[in-house]
Amino acid sequence: MNLKTTNHSIKAISIVLPKNPLHKEDELKLCNINERKYQLLQENSGIFNHFVSDESTYSSDLATQALEELFSKDILKKDEIDLLVFTSFTPDYLAPACTSLIHKNLNLSSHTLCLDVLGFCPGFLQSLLQVFLALNQPSIKKAVLICASVKSKAIDAQKDKITFLNNSDSASAILIEKNTNSKEKSCFSQKVFSTQCVEETLPYGGLRLDSLNILKVNNNLTFSFIMQNYPTFFQEFFEHFNLEKTNFDEFFIHSSDNFSKQKLYERLNLNFIQDNILKNYGNTTINKLPLELASYTGGGDKQIFLGSFGTGITLNACSLKINFDKLQSFIKVV
């Protein structure tokens, strides 16, 4: 599906990451891995830091802190939020919804429309589209999109040590305001290849008895599928919307490690550089793209390409303009 909608304004991004409760030596012991193997893992992945929530910290806790930062900086008032969208694949509960927990924690206005979305690595772009479409409604002027993950709680650290040591828990709260100039457009595209969905990510959570209580992803299948299919999807996106790659200032595409990113960028004919987001923050899954935007120092009004892929198997692409001179960003370890 290809959709064009008003290019609404991303005004602020608040990101929180939990302080790891374990020292490195304790983590290596937990994962049964020695220092030399850990160094090789870091060199291959490009990840030198990661953030893990403690036993009592969940998605709604990190989300509450991320949104609270926008209030404390006087960027947003509680009664100004017309729409609150929460996206995660690690919610606290099935019920009550995480938006209800966040709403309660921060005593938000009863008029705020709340929506919870199940979203994995592609979840940020999927929910960003929903927010942009909602902002086309006359009564919705300001929206907050929250993306949160405490994936560490769904990983078997001993059996899936690489995933655990690369993963970072996090939450982002993104303030998006209505753009009344409907001539300014953003473009979104999504394709779902569901044939191998239960092989790519083994059934996890829910009520069915055959589901797992830990996340288990077939990384080899995912890697080969993305390498084969994302380049075509990428090219079709530009052709469908009649966009020129040379008119884009930046390309930010979801990546879980430097090796995968380099191989994909080679296939897309994009310039690859070592990924400082991965290096400094680890694999933040759903919050990789928000971190890219929050960390950007280029300034000015920029044309941005955003890409993501993952569970489903789902491919996403987005073209939008962001005025980075007016974007306020905060990244905080709590």
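Source: prediction; values computed, not measured. Note: hydrogens, waters and symmetry copies are ignored here, and every other heavy atom, side chains too, is used.
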Review point. With ring centroids as reference points, do F193 and F225 lie under 6.0 angstrom apart?
Key: yes
Review point. How about L293 and L306: do any of their side-chain heavy atoms sit closer than 4.5 Å?
Key: yes
Exercise for review: Tell me, yes or no, whether the heavy-atom count around Y93 atom OH, taken from other residues, nucleotides or ligands under 6.0 Å, exceeds 12.
Suggested key: no
Review point. Can you name the one residue among N316, N2, T314 that meets side chain to side chain donor-acceptor pair (under 3.5 Å) with Q190?
Key: N316
Review point. Is a side-chain N or O of N44 found less than 3.5 angstrom from the main chain of L40, in a donor-acceptor match?
Key: yes
Review point. Hey, are K302 and Y296 close enough side-chain-wise for a donor-acceptor pair under 3.5 Å?
Key: yes
Point to revise | Flag side-chain contact, heavy atom, 4.5 Å: T6 against E184 | key: no
Check your understanding: Counting only N and O atoms by type, is there a donor-acceptor contact under 3.5 Å from the side chain of D82 to the main-chain atoms of K142?
Key -> yes
Check your understanding: Are F120 and L202 joined in one hydrophobic group, where the rule is that I, L, V, M, F, W and Y side chains link up if heavy atoms are under 4.5 Å apart?
Key -> no
Practice item. State, to 0.1 Å, how close L83 and A134 come at their nearest heavy-atom pair, and which atoms those are. Key: CD2-CB, 3.6 Å
Exercise for review: Check whether the side chains of T201 and T311 place a donor and an acceptor atom closer than 3.5 Å, and report yes or no.
Suggested key: yes
Check your understanding: Does the side chain of N105 pick up a donor-acceptor pair with the side chain of T64 at under 3.5 Å?
Key -> yes
Check your understanding: Does any N or O in the side chain of T87 come within less than 3.5 Å of the main-chain N or O of S127, such that one atom is a donor and the other an acceptor?
Key -> no
Check your understanding: Distance-only, no hydrogens or angles: does the N167 side chain make a donor-acceptor pair with backbone N or O of T163 under 3.5 Å?
Key -> no
**Study point:** Residue pair C187, K4: steps toward the side-chain contact (heavy atoms from CB on, under 4.5 Å) verdict
**Key:** CA-CA 5 Å; C187 303; K4 185 179 286 189; 3.9 Å; yes
Point to revise | Stacked cation flag K261 on Y265, 6.0 angstrom / 45 deg | key: yes
Exercise for review: Please say which of T180, N136, N179 ends up in a side chain to side chain donor-acceptor pair (under 3.5 Å) with H8.
Suggested key: N136
When the side chains of residues 238-245 are checked against the rest of the protein, which donor-acceptor pairs come out under 3.5 Å, sequence neighbours left out?
{"unit_1": "E239", "atom_1": "OE2", "unit_2": "Q235", "atom_2": "NE2", "d": "3.2"}
{"unit_1": "K245", "atom_1": "NZ", "unit_2": "Q235", "atom_2": "OE1", "d": "2.8"}

Practice item. Taking all heavy atoms of G119 and all of I286, pick out the closest pair and write down the distance. Key: O-CD1, 3.6 Å
Point to revise | Heavy-atom donor-acceptor pair, S211 side chain to Y204 backbone, under 3.5 Å | key: no
Point to revise | Intermediate values then yes/no, salt bridge (charged side-chain N to carboxylate O under 4.0 Å, His left out), D79 and K77 | key: CA-CA 6 Å; D79 61 2; K77 292 180 172 30; over 6 Å; no
Practice item. Mark yes or no for whether H103, through its side chain, and C98, through its backbone, hold a donor-acceptor pair below 3.5 Å. Key: no
Exercise for review: Provide the closest heavy-atom pair for F51 versus V333 in the form atom of the first, atom of the second, distance.
Suggested key: CE2-CG2, 3.7 Å
Review point. Regarding S59 and D92, is there a side-chain donor-to-acceptor distance under 3.5 Å anywhere?
Key: no
Review point. Counting distance only, does the side-chain N/O of D169 pair as donor-acceptor with the main-chain N or O of S152 below 3.5 Å?
Key: yes
Revision key, fill the gap. Here the pair of heavy atoms bringing D54 nearest to K153 is O-NZ, 2.7 Å
Point to revise | Salt bridge E177-K141, side-chain N to carboxylate O under 4.0 Å | key: no
Review point. Side chains of F309 and C121: closer than 4.5 Å at any heavy-atom pair?
Key: no
Check your understanding: Should E292 and K288 count as an ion pair when the cut-off is N to O under 4.0 Å?
Key -> yes
Check your understanding: Do the two ring centres, one from F234 and one from F237, sit under 6.0 Å apart?
Key -> no
Review point. Under the 3.5 angstrom rule, does the side chain of S168 hit a backbone N or O of Y281 as a donor-acceptor pair?
Key: yes
Check your understanding: Salt bridge or not for E236 and K191, using N-O below 4.0 Å?
Key -> yes
